[in-house]
There are 2 protein chains.
Amino acid sequence: MMVTLSDVAKKAVVSKMTVSRVINHPDKVSPELRELVYKAMKDLNYVPNFTARALVQKRTQVIKLLILEEMDTTEPYYMNLLTGIAVGLDKYHYALQLVTRNSHEIGPCDGVIATGMRIEDYENIIEQLEPPVVLFGHNDKGYDFVDVDNEKGIQMATQHVIDLGYNEILFFGIDLDEPFMQTRIKGYQKMIEKHNLNSHLFMMKNSSHVSQAKATKQLEKDEERIAFVCASDRLAIGVVRAAQALGLLIPQQVAITGFDGVFLDQISSPKLTTVRQPVMEMGEALADMLLQKIDLDGERLGNRIFQPELIIRESTIK
Amino acid sequence: MMVTLSDVAKKAVVSKMTVSRVINHPDKVSPELRELVYKAMKDLNYVPNFTARALVQKRTQVIKLLILEEMDTTEPYYMNLLTGIAVGLDKYHYALQLVTRNSHEIGPCDGVIATGMRIEDYENIIEQLEPPVVLFGHNDKGYDFVDVDNEKGIQMATQHVIDLGYNEILFFGIDLDEPFMQTRIKGYQKMIEKHNLNSHLFMMKNSSHVSQAKATKQLEKDEERIAFVCASDRLAIGVVRAAQALGLLIPQQVAITGFDGVFLDQISSPKLTTVRQPVMEMGEALADMLLQKIDLDGERLGNRIFQPELIIRESTIK
DNA sequence: TCATCTTTTATAAGCGCTTACAAAAGTATA
DNA sequence: TATACTTTTGTAAGCGCTTATAAAAGATGA
């Protein structure tokens, strides 16, 4: 039924070791034998047994996803991240386990992916971790991480509405004191300075109802042609509703850009111009990076910054 | 470092076998020895090695999720299902792999969860499966499944708008010839008949833009007080936009109910009355059921029908 | 040609656990 | 008290693979 290393060895008339070596260190085997073994593997349709390998290598085949911020599991953003990680892990027959701040212990595992750290978490949690770690989101403590270029993302959105001739540009941000938010603010302000415009920052809870209220207040001042650069699609959707309720034309009188590009942007009407983060790909990258790091015994691997993409839709262009 | 069976055995002064038996068949061990072993396990903080067990039991520790319908992975519905399954599997150190219709082979695994089957798929795919299977969604071929009570869900929604005094009630469905849709239609029609009302069925693609167009056409006929019972939150959102664009008051002139209760319902304004499916719980149930089935060597386990919940919000009640 | 070094291949042991079987202990029957 | 059971515990083997180490084969130089 199941084809094992021994079967392949027998078929190729070599020892088990040679077959194992062909799999793990092909360069240490002479080309002739190597070919012989490859052929035998193909003929017999050999699939290596991950479980056996894990046992002898004392691996758990489990990696933990440590989520340190309040996560709304219904938020598509996290779901996508999770799916991306799962896809990455599955390639190596790894299982994923979720751990939150409430969990008492992390438990046995081969590696950890962490997200949503606050400053104090590095000392208290991340540093204490025994197995290799990869972080989701920028840090300057020397941990490997995966992130999107937040500054560039907001700059693209801001530049875009400037190009459309808007010069009253408001930034709607989320009132969280976290790096990703600071970077987005920076992106906005740099662009505003560069074009000698006035900066208008509004920070609020990440809720479409809150942003709707805030936007209504601004739009009622009846200045003409206001653009809203929002730090999330959720905020952007609230602004859309505010404009529509006041009977203003999108995108002629009001232009709106979102951020994330995960699901929400598509169900809005008009469809949202947004800065898309490749969340699933980032999840996969996290998994790839961590697994590589495990193989390399925790060696430093560097960071991976993903480029966001400006997706232009009806909320800014007719 | 790592505590093994042998360590526990030594500590409890018994053989490895006795410890193994305490874990797997506690009833086959005398109470005194059992307690002794439990104490030793606790003292040493013993965690069984799943990998070793999997090896000797010839398990792969992999289960496959077979998705037979076109799935939009950005759809929060599926993400939640996936997350639920992952949570369920993690408890037993199982890994999840995704398989779609395009995949040539299913590959080695201990069990399969399948979703989105059409009639012909049972013969062609499901029946061919070697390992235990659990289905997501109703079937009458004798396979174990997990589903939500679709009929009851729509009935609750329909009854709710009837109770609000609406007697012009339209059903907005998805034009897919699948059991879940037929059952939702049935739920609507039964309720309509019971109250001697007129049935109005509209089937369409599951898109908020399509439902917006269709709803606009109906609302322009300017009959008063129309209720829309929708087969998805996505359709419901389109109807909301149609009503708002025509300046009609929700819920005074137009009442709207959705279906699913996964994320979309919350970002709408007004917030949607919806029939919530416990998707994550259902995913977890799928995993639990399958793992139990694997342990019981594929034995029939029966079905699990989850009760939906009517969540009443601003789209039907002031 | 033989000793010495390098490359290539094989042998043996064991990862932590369970299955199959054997031994020991306890219980009942005559 | 010996016999045949039943229940409880222990021994040995091995799942499929890898690490460590030994053996064999080639290559090099005197």
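So that the names make sense, note that chain A is the first sequence line, chain B the second, and so on, each numbered from 1. All values reported here derive from a predicted model rather than from experimental measurement.
Within 6.0 Å of atom CD in A:Glu120, more than 12 heavy atoms from other residues, nucleotides or ligands are found, so the atom counts as buried in its surroundings.
In terms of position on DNA chain C, the residue among B:Val56 and B:Arg21 whose nearest nucleotide sits closer to the 5' end is B:Val56. Mapped onto DNA chain C by nearest heavy atom, A:Pro31 and B:Lys16 fall at different nucleotides, with A:Pro31 at the one closer to the 5' end. Residue-to-nucleotide proximity on DNA chain D shows that, of B:Glu32 and B:Leu55, the 5′-proximal contact is made by B:Glu32.
Put simply, A:Ser20 has a side-chain N or O that comes within less than 4.0 Å of OP1 or OP2 on D:dT18. Using a 4.0 Å cut-off, some side-chain N or O of B:Lys58 falls inside it from OP1 or OP2 of D:dG16. The phosphate of C:dA10 has OP1 or OP2 within less than 4.0 Å of a side-chain N or O from A:Ser15. Between B:Asn24 and C:dT18 there is a side-chain polar atom (N or O) within less than 4.0 angstrom of OP1 or OP2. Not one side-chain nitrogen or oxygen of A:Thr18 sits closer than 4.0 Å to the OP1 or OP2 atom of C:dT9. Using a 4.0 Å cut-off, some side-chain N or O of A:Ser30 falls inside it from OP1 or OP2 of C:dT9. Applying the 4.0 Å criterion to OP1 and OP2 of C:dC17, one finds that B:Tyr46 has a side-chain N or O inside that range.
Atom-to-atom distance recorded for B:Met117:CE and B:Asn139:CG is 6.5 Å, nearest 0.5 angstrom.
We find that CG of A:Asp27 is positioned 12 Å from P of C:dT7, with the value rounded to whole Å. In this structure, CG of A:Leu33 is placed 13 Å from C1' of C:dT7, rounded to the nearest angstrom. One interatomic measurement links the two molecules: CD of B:Gln61 to C1' of D:dG16, which rounds to 15 Å at whole-angstrom precision. Atom CG of A:Asn49 and atom C1' of D:dT18 are 12 Å apart (whole Å). B:Met17 places its CE atom 12 Å from the P atom of C:dC17, with the value rounded to the nearest Å. Put simply, CE on A:Met41 is 15 Å from C1' on D:dG16, counting in whole angstrom units. Distance A:Leu36 CG to C:dA10 P: 11 Å, rounded to the nearest Å. When the P atom of D:dT18 is taken as reference, atom CZ of A:Arg59 falls 11 Å away, rounded to whole Å.
Annotation: side chain of A:Gln57 is not in contact with side chain of A:Asp110 (no heavy-atom distance under 4.5 Å).
Of all nucleotides listed (C:dC17, D:dC17, D:dG10), C:dC17 comes nearest to the side chain of B:Pro48.
Salt bridge status for B:Lys64 with B:Glu130: absent, with no side-chain N to carboxylate O gap under 4.0 Å.
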Q: Could you give me the CA-CA distance, side-chain angles and deciding distance for B:Leu82 and B:Leu65, then say whether side-chain contact (heavy atoms from CB on, under 4.5 Å) is met?
A: CA-CA 9 Å; B:Leu82 206 68; B:Leu65 175 58; 3.4 Å; yes
